[in-house]
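Contents: one structure, followed by commentary.
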Amino acid sequence: MHIHVAEHPLISQKLTALRDERTDSIAFRALTDELVILLSYEATRGLRTVPCEVVTPVAPASGVDLASPMPLVVPILRAGLGMLAGMMRLLPNAEVGFLGMVRNHESLVATTYAERLPNDLSGRQCFVLDPMLATGGTLVAAIELLFARGATDVTAICLLAAPEGIRRVQDSFGDRVDVTIVTAGLDEKLTDRGYIYPGLGDAGDRLFGSAGY
Ligand code: URA
């Protein structure tokens with residue numbers, strides 16, 4: 001497993017604004033969008049390409065195109081949806097699958113309530129969008145599902161991660177499969193209620209409101 005904590009002044013500044021409890025949902029969504037574009041740039045460094053030729057107005061030139069099959073982007077509902085638009089701006093040819101997962105507030109165990117993914121992910125590079133890598137339960141379950149369907153490598157893009165979550169992903173996959181985590185920040189710890197500390201609170205609520213859940 002590889003972990004990449006993206007370091008860039010713009011990423012740090014946007015993450016700080018996201019953390020600020022005074023940031024409302026409108027600004028939070030806009031900041032998430034911008035942050036995801038910056039993180040996806042890092043996360044897509046290993047994208048597979050094939051050589052191709054084009055003709056410029058001056059001369060023939062060699063270049064690259066994205067290899068087939070196209071990458072699959074998988075936002076984990078609900079909060080991962082807030083990261084989809086930014087990711088698709090950078091990778092407009094990608095295809096999108098959906099995973100709905102919710103974690104029990106008491107046990108912190110994640111269960112899947114919706115799934116719309118191709119049955120065959122052979123040879124696919126997958127990008128999971130999950131803003132908060134907290135206990136790691138949700139991400140591990142999502143990654144297991146993708147590898148079980150033939151994905152070859154999985155990159156998770158997270159706004160924030162906790163050491164406990166990183167450890168859980170590492171313990172689950174080690175170096176046996178190709179898993180990368182790209183995050184804007186690695187925080188101190190988890191609270192006893194499973195929140196990232198100091199974190200930014202509940203990412204889904206901050207993106208979309210609590211809607212009375
Ligand atoms: N999910 C969130 O939205 N926030 C946390 O801090 C942890 C999990």
Side-chain angles (χ1 to χ4, degrees), residues 1 3-6 11-12 14-36 38-40 43 73-87 98-115 127-145 154-173 179 181-213:
M1 186 196 84
I3 166 99
H4 180 82
V5 182
I11 291 179
S12 307
K14 288 178 199 304
L15 178 60
T16 306
L18 270 190
R19 291 183 190 275
D20 191 333
E21 64 179 3
R22 294 168 302 178
T23 300
D24 65 14
S25 285
I26 297 169
F28 196 94
R29 284 195 294 269
L31 283 162
T32 299
D33 209 43
E34 293 164 12
L35 205 41
V36 170
L38 296 170
L39 291 177
S40 334
V73 176
V74 184
I76 299 187
L77 311 187
R78 149 179 85 124
L81 273 187
M83 302 171 73
L84 183 59
M87 184 71 188
F98 294 92
L99 257 183
M101 300 183 113
V102 64
R103 65 174 190 165
N104 182 287
H105 283 300
E106 305 298 324
S107 65
L108 303 181
V109 172
T111 50
T112 304
Y113 64 86
E115 179 252 289
F127 294 89
V128 177
L129 307 178
D130 189 10
M132 308 297 275
L133 174 51
T135 62
T138 303
L139 189 58
V140 166
I143 293 174
E144 274 171 352
L145 207 156
V154 177
T155 299
I157 304 178
C158 307
L159 300 179
L160 269 181
E164 292 88 336
I166 303 273
R167 244 187 330 269
R168 176 122 172 226
V169 177
Q170 173 71 43
D171 291 348
S172 303
F173 302 107
V179 174
I181 295 169
V182 176
T183 182
L186 180 55
D187 271 5
E188 204 180 310
K189 60 177 182 180
L190 284 185
T191 67
D192 50 12
R193 296 193 54 225
Y195 279 89
I196 297 179
Y197 181 92
L200 50 76
D202 187 302
D205 286 358
R206 296 206 59 193
L207 281 161
F208 303 121
S210 67
Y213 294 132

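First listed ligand is number 1; within each ligand, the first listed atom is number 1. Just the heavy atoms: all of them, side chains too, but no hydrogens, waters or symmetry mates, feed the values below.
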Among all protein non-hydrogen atoms, which one is nearest to [atom], and what is the separation to 0.1 Å?
| atom | answer |
| --- | --- |
| atom 3 (O) of ligand 1 | Ala203 N, 2.7 Å |
| atom 1 (N) of ligand 1 | Met132 CB, 3.7 Å |
| atom 4 (N) of ligand 1 | Gly201 O, 2.8 Å |
| atom 6 (O) of ligand 1 | Ile196 N, 2.8 Å |
| atom 8 (C) of ligand 1 | Arg103 NH2, 3.4 Å |

Among Val74, Leu99, Val128, Val154, find the one that has a side-chain contact (heavy atoms from CB on, under 4.5 Å) with Leu145.
-> Leu99

Using only atom types and a distance under 3.5 Å, with no angle test, would you say the side chain of [X] pairs donor to acceptor with the backbone of [Y]?
| X | Y | result |
| --- | --- | --- |
| Asp130 | Ile76 | no |
| Arg168 | Val140 | no |
| Thr183 | Leu159 | yes |
| Glu34 | Lys14 | no |

Which ligand 1 atoms are under 4.0 Å away from a heavy-atom of Gly194?
-> 7 (C)

Atoms of ligand 1 under 4.0 Å from any heavy atom of Ala134, numbered from 1 in the order shown, are 7 (C), 8 (C)

In plain terms, say whether Arg78 and Asp205 are close enough for a salt bridge, that is, a side-chain N and a carboxylate O under 4.0 Å apart.
-> yes

Compute the minimum heavy-atom distance from Pro131 to ligand 1 and say whether it is under 4.0 Å.
-> no

